[in-house]
Amino acid sequence: MDYDQIFNFLGILTVVSPCVLLAVLGLASLFGRELKETTISRLTQISVMTGLFSSAVILVMMLSLEIYYVSIEVGDWVVIPQESFHFHIKFVFDRLSIPFVILSFILCGVVGAFTSKYLHREPGYRRFY
């Protein structure tokens, strides 16, 4: 595995981990399945720790390899050749954005840890998450 593949994997993991949490909690709520408080708390912890770890590794690799800019392209989602139109998603990681991502994961983790104790057995626990 070369560095581009490692950056690609870690970047996708950083972006996907909160999206998976949102999908699991949202779909459970949409279909009327009430998840236990411990399950919600564990899923939140796993999502935050996965995103935090992967973004921290990206930052360490960028600093050690003296890379200032990492671009991750997910691919073309919509292509209309007659109109010369294409829509693709591209994530950009640089030395300014990664510390903000790490800060966001830390803040979400602190809020999640605090509310798991503070809102224990409250009727709005699931709705908060």
Side-chain angles (χ1 to χ4, degrees):
M1 260 177 116
D2 62 343
Y3 292 124
D4 290 334
Q5 290 176 336
I6 294 172
F7 278 125
N8 196 12
F9 174 74
L10 292 173
I12 295 296
L13 193 62
T14 300
V15 173
V16 166
S17 65
C19 295
V20 168
L21 177 66
L22 178 68
V24 168
L25 296 179
L27 289 174
S29 176
L30 183 67
F31 292 123
R33 301 238 353 169
E34 289 194 7
L35 298 174
K36 295 180 181 178
E37 289 183 8
T38 54
T39 304
I40 294 172
S41 177
R42 297 274 187 221
L43 288 173
T44 304
Q45 289 175 355
I46 290 169
S47 174
V48 168
M49 292 306 293
T50 302
L52 180 63
F53 176 74
S54 60
S55 58
V57 171
I58 289 174
L59 180 63
V60 168
M61 285 179 62
M62 287 176 74
L63 292 174
S64 65
L65 298 172
E66 296 183 8
I67 298 173
Y68 294 96
Y69 177 87
V70 175
S71 173
I72 298 171
E73 294 195 28
V74 180
D76 288 330
W77 288 64
V78 176
V79 177
I80 304 173
Q82 296 85 1
E83 301 292 327
S84 299
F85 177 79
H86 61 88
F87 178 76
H88 65 278
I89 295 178
K90 178 179 179 180
F91 296 105
V92 176
F93 296 97
D94 59 8
R95 290 187 180 186
L96 182 61
S97 64
I98 290 292
F100 281 108
V101 169
I102 291 171
L103 177 66
S104 298
F105 277 119
I106 289 172
L107 289 176
C108 288
V110 168
V111 169
F114 176 73
T115 55
S116 68
K117 305 292 185 217
Y118 182 73
L119 292 178
H120 180 61
R121 295 187 182 170
E122 290 287 327
Y125 185 89
R126 290 169 188 84
R127 186 178 60 197
F128 175 79
Y129 279 93

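Computed from a predicted model, the values in this text were never measured in an experiment. Heavy-atom basis, side chains included; hydrogens, waters and symmetry copies ignored.
- Cluster membership for V101 and V92, using ILVMFWY side-chain heavy atoms within less than 4.5 angstrom, is not shared.
- Looking at S54, its side chain does come within 3.5 Å of a backbone N or O of T50 through a donor-acceptor pair.
- Atom OH of Y125 has more than 12 heavy atoms from other residues, nucleotides or ligands within 6.0 Å.
- In the hydrophobic clustering of ILVMFWY residues, with side-chain heavy atoms under 4.5 Å counting as a link, Y69 and Y3 come out apart.
- Summarising the local packing, NE2 of H88 is surrounded by more than 12 heavy atoms from other residues, nucleotides or ligands at distances under 6.0 Å.
- One N or O on the side chain of R95 and one on the backbone of I67 form a donor-acceptor pair closer than 3.5 Å.
- Nearest heavy-atom pair, T115 versus G112, reported as atom, atom and distance to 0.1 Å: OG1-O, 3.3 Å.
- Residues L10 and M61 come closest through the heavy atom pair CD1-SD, 4.2 Å.
- D4 CG to F9 CZ: the interatomic distance, rounded to the nearest 0.5 Å, is 15.5 Å.
- Rounded to the nearest 0.5 Å, atoms CG (L103) and CD1 (I98) are 12.5 Å apart.
- Here the OG-CG distance, from S41 to L35, works out to 12.0 Å after rounding to the nearest 0.5 Å.
- Cluster membership check: L22 does not share its hydrophobic cluster with L30, using side-chain heavy-atom separations under 4.5 Å among Ile, Leu, Val, Met, Phe, Trp and Tyr.
- Taking the side chain as every heavy atom from C-beta outward, L43 and V20 never approach each other to under 4.5 Å.
- Expressed to the nearest 0.5 Å, how far NE2 of H120 lies from OG1 of T38 amounts to 9.5 Å.
- Between the side chain of T44 and the backbone N or O of I40 there is at least one donor-acceptor pair closer than 3.5 Å.
- Cluster annotation: L63 is connected to V70 through the hydrophobic network of ILVMFWY side chains, with a link wherever side-chain heavy atoms come within less than 4.5 Å.
- Here the side chain of S47 pairs a donor or acceptor atom with the backbone of S17 at under 3.5 angstrom.
- Taking hydrophobic clusters as Ile, Leu, Val, Met, Phe, Trp and Tyr residues chained together by side-chain heavy-atom distances below 4.5 Å, F87 shares a cluster with I80.
- In terms of heavy atoms, F7 sits closest to I72 at O-CD1, 3.3 Å.
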After noting the C-alpha distance and the side-chain angles of V74 and I12, does the key distance pass the side chain to side chain contact (heavy atoms under 4.5 Å, CB included) rule?
-> CA-CA 9 Å; V74 180; I12 295 296; 4.2 Å; yes
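- Taking each heavy atom of S55 and T14 in turn, the nearest pair found is N-OG1, 3.6 Å.
- Taking each heavy atom of L119 and E37 in turn, the nearest pair found is O-OE2, 4.3 Å.
- Among all heavy-atom pairs drawn from F100 and L96, the shortest one is CD1-O, 3.1 Å.
- In this structure, CD1 on I58 lies 10.5 Å from CZ on F53, to the nearest 0.5 angstrom.
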